[in-house]
Amino acid sequence: MKSSKLALLVILALFTSHLFAQGISDQLLQFNQQNIDHQRTAMLALGGWAVANIGIGLGFSQSATGENRYFHQMNALWNTVNLAIAGFGYWSISGTDPASWDLATGLAKHQNFQKILLFNAGLDVGYILGGLYLQERSRRPDVNSDRLRGFGKAIVLQGGFLMVFDLVNYFIANGRSGDLDLRLGAVGNGVGMILNF
């Protein structure tokens, strides 16, 4: 009688641990896929912004004069870099299999993406300040005022967009940090794993 209860308990433990492991695996796969999808969407948005600015900048810089001409030139030039970053970012994440990331890798990739976004937001403040400096510098009589003013306005615009872009994506990613709910140990009336990050 005791051996049949013990055997039943072992079978039950193996069955529930398999179900628990499968639940973690499914949840981790979904978490990883959402990270990949978010990064891919962010790169598409950045690429779309870049293509629009390059097109508008090249189109209007031909007919505009004065500071407007320089404004459009800088927007087109600046966004060639944005387009390269978006293209490389999209390419590097697109071939990723979410099942290839274990828990540690998935969390590290997620947190690394957040750190990059915050670092970039800091750079964006520098861009905005640099653009404001160029506008201030344009007041001097010995410089090409139109060029400095146009470039400065474009850099403020691009820095402002990138700051909003980076912060919005950071808060989206940060809000997803609690999506992975793993538990193991004494939890309520059962056994589970708790992971907080």
Side-chain angles (χ1 to χ4, degrees), residues 22-62 69-131 134 150-182 195 197:
Q22 182 62 39
I24 291 173
S25 176
D26 291 345
Q27 199 172 18
L28 179 59
L29 183 63
Q30 181 182 8
F31 180 78
N32 291 342
Q33 185 62 57
Q34 289 173 345
N35 282 334
I36 291 167
D37 291 345
H38 179 200
Q39 291 180 41
R40 189 180 298 132
T41 301
M43 292 303 100
L44 286 173
L46 181 61
W49 171 262
V51 167
N53 275 271
I54 291 169
I56 292 169
L58 290 176
F60 282 108
S61 67
Q62 300 304 314
R69 180 183 187 121
Y70 293 111
F71 173 80
H72 292 299
Q73 285 177 351
M74 179 55 76
N75 281 335
L77 181 62
W78 186 281
N79 280 283
T80 58
V81 176
N82 282 346
L83 185 59
I85 291 168
F88 177 75
Y90 187 86
W91 172 78
S92 66
I93 197 71
S94 286
T96 304
D97 178 15
S100 68
W101 292 352
D102 60 10
L103 178 61
T105 303
L107 290 175
K109 298 271 187 186
H110 180 71
Q111 290 174 345
N112 189 45
F113 183 57
Q114 290 177 302
K115 288 176 185 176
I116 289 170
L117 291 168
L118 283 180
F119 178 76
N120 285 346
L123 290 177
D124 302 335
V125 172
Y127 301 148
I128 293 168
L129 292 175
L134 289 178
F151 283 0
K153 286 180 180 179
I155 293 171
V156 168
L157 171 69
Q158 298 303 323
F161 166 78
L162 289 173
M163 186 163 56
V164 170
F165 173 83
D166 290 329
L167 290 176
V168 165
N169 280 291
Y170 170 79
F171 286 117
I172 290 170
N174 191 49
R176 290 195 50 259
S177 292
D179 287 354
L180 196 57
D181 183 26
L182 303 177
L195 174 65
F197 64 94

In Å and rounded to the nearest 0.5 Å, what is the [atom1] to [atom2] distance from [X] to [Y]?
X    : Y    : atom1 : atom2 : value
F88  : L83  : CZ    : CG    : 14.0 Å
W49  : I54  : CH2   : CD1   : 12.0 Å
L117 : N120 : CG    : CG    : 6.5 Å
N32  : L107 : CG    : CG    : 8.0 Å
W78  : Q73  : CH2   : CD    : 15.5 Å
S92  : Q39  : OG    : CD    : 7.5 Å

Residue pair [X] / [Y], side-chain heavy-atom distance below 4.5 Å:
X    : Y    : value
Y127 : L162 : yes
L29  : D26  : no
F161 : L46  : yes
M163 : I128 : yes
T96  : W101 : yes

Shortest non-hydrogen contact from [X] to [Y]?
X    : Y    : value
G47  : A86  : N-CB, 3.5 Å
A42  : F113 : CB-CZ, 4.5 Å
Q114 : N174 : NE2-CA, 2.9 Å
Q62  : R69  : O-NH1, 4.3 Å

List in chain and number order the residues that pass side-chain contact (heavy atoms from CB on, under 4.5 Å) with V164, two or more places apart in sequence or in another chain; answer none if no residue qualifies.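 Per chain and number, V164 pairs via side-chain contact (heavy atoms from CB on, under 4.5 Å) with V168.
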May I ask you to decide if A108's main-chain N or O and N112's side chain share a donor-acceptor pair within less than 3.5 Å?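 Here the side-chain-to-backbone pair does not exist.
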H110 side chain to A173 main-chain N or O, any donor-acceptor pair under 3.5 Å?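 Between the backbone of A173 and the side chain of H110 there is a qualifying donor-acceptor contact (under 3.5 Å).
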Does a sphere of radius 6.0 Å around CZ in F60 hold more than 12 heavy atoms from other residues, nucleotides or ligands, not counting ones at 6.0 Å or beyond?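 No, because the 6.0 Å sphere around CZ of F60 holds 12 heavy atoms or fewer from other groups.
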Mind checking what makes side chain to side chain donor-acceptor pair (under 3.5 Å) contact with [X], not counting sequence neighbours?
X   : value
N82 : N79
Q33 : D37
N75 : Q158
T80 : none

Any pair with a residue in residues 159-170 that passes side-chain hydrogen bond (donor to acceptor under 3.5 Å, both in side chains), sequence neighbours left out, goes on the list, sorted by first then second residue, please.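 Every side-chain hydrogen bond (donor to acceptor under 3.5 Å, both in side chains) pair that includes a residue of residues 159-170, provided the two are not neighbours, is H38-N169.
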